[in-house]
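Heads up: the structure comes next, in structure tokens.
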Amino acid sequence: MLSGKGRRGIGYDTRGCYDCDQAMNYWLLKTEPGCFSMDDLKNRPDMTEHWDGVRNYQARNFLRDQVKVGDGALFYHSNIPEPAVVGIAEVVRAGYPDFTALDPGSEHFDPKASPLNPLWYMVDVRYVEKMPSPVTLEKIRNNPLLSGMPLVKRSRLSVQPVTAEEWRIIRAMGGLESR
DNA sequence: GCCAACGTTGGC
DNA sequence: GCCAACGTTGGC
């Protein structure tokens with residue numbers, strides 16, 4: 001599972017009990033705010049949107065196999081002057097085929113995908129709350145307790161697992177109540 | 001805009 | 001199955 005091999009020492013398979021049906025899991029979802037931002041999510045009907053367009057196999061595997069309804073997500077803005085976790089979303093639909101891969105008109109179209117072999121997967125997420133103060137990448141890097149995060153290890157992975165401890169710490173750093 | 005990291009592709 | 005070339009991500 002998980003593309004085997006434990007590439008480059010990032011042991012995703014040791015970062016939590018992702019196979020436990022009962023366990024609440026946490027994730028970090030990256031997006032370029034110029035493309036889709038936390039405010040965009042808030043402004044959607046039901047404050048809900050498909051998390052589509054993921055075209056990386058490792059990220060795809062998380063979406064397809066492990067992200068569950070009720071899981072928490074750190075909403076991360078990338079590729080801007082001050083990249084940061086800006087808020088919290090929750091998963092409201094688990095992995096299902098990403099139809100944008102089948103749509104020739106979509107910028108995420110993938111000719112290798114087909115209805116019988118959808119290839120790419122997405123989940124649906126709903127806006128929960130913004131961080132009173134965004135937790136910048138710089139702050140995350142400067143916190144030794146967060147040094148295990150793929151984000152800090154310069155992984156470009158756009159869907160990443162977050163441990164319960166990291167979740168708690170980042171929420172607190174952003175000024176959210178512990179929960 | 002630069003460029004390091006790193007994922008993907010394709011020739012062999 | 002190796003690996004060079006190439007493309008993309010994303011911090012800076």
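Residue numbering restarts at 1 for every chain, and letters A, B, ... go by the order of the sequence lines. Predicted model only: the values in this text are computed from it and were never measured. No hydrogens, no waters, no symmetry mates; every other heavy atom, side chains included, goes into these values.
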May I have the distance from [X] (atom [atom1]) to [N] (atom [atom2]), rounded to whole angstrom?
X	N	atom1	atom2	answer
Asn79(A)	dC12(C)	CG	C1'	11 Å
Asp110(A)	dG7(C)	CG	P	17 Å
Ile80(A)	dG11(C)	CD1	P	8 Å
Glu32(A)	dG10(C)	CD	P	7 Å
Leu157(A)	dC6(B)	CG	P	11 Å
Arg55(A)	dT9(B)	CZ	P	13 Å
Tyr57(A)	dG7(C)	OH	P	18 Å
Glu138(A)	dG11(C)	CD	P	13 Å

Under 4.0 Å from OP1 or OP2 of [N]: is there any side-chain N or O of [X] that close?
X	N	answer
Arg141(A)	dC12(C)	yes
Lys30(A)	dT9(C)	no
Tyr76(A)	dG11(C)	yes

Does the [X] side chain pair with the main chain of [Y], one donor and one acceptor, at a distance under 3.5 Å?
X	Y	value
Arg171(A)	Glu177(A)	yes
Lys112(A)	Leu119(A)	no
Arg60(A)	Arg55(A)	no

Restricting both atoms to N or O, compile the protein contacts to nucleotides 2-5 of chain B shorter than 3.5 Å, with distance only.
| unit_1 | atom_1 | unit_2 | atom_2 | d |
| --- | --- | --- | --- | --- |
| dA5(B) | N3 | Arg156(A) | NH1 | 3.2 |

Listed by chain and number, what are the side-chain contact (heavy atoms from CB on, under 4.5 Å) partners of Asn142(A), not counting sequence neighbours?
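For Asn142(A) the side-chain contact (heavy atoms from CB on, under 4.5 Å) partners, ignoring immediate neighbours, are Glu138(A).
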
Does a side-chain heavy-atom distance below 4.5 Å link Pro132(A) with Leu176(A)?
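In contact.
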
Verify same cluster id: Phe109(A), Met122(A) (apolar side-chain graph, 4.5 Å)
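No, no single cluster joins them.
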
Residues which pass salt bridge (charged side-chain N to carboxylate O under 4.0 Å, His left out) with Arg44(A), listed by chain and number, not counting sequence neighbours
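Residues passing salt bridge (charged side-chain N to carboxylate O under 4.0 Å, His left out) with Arg44(A): Glu49(A).
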
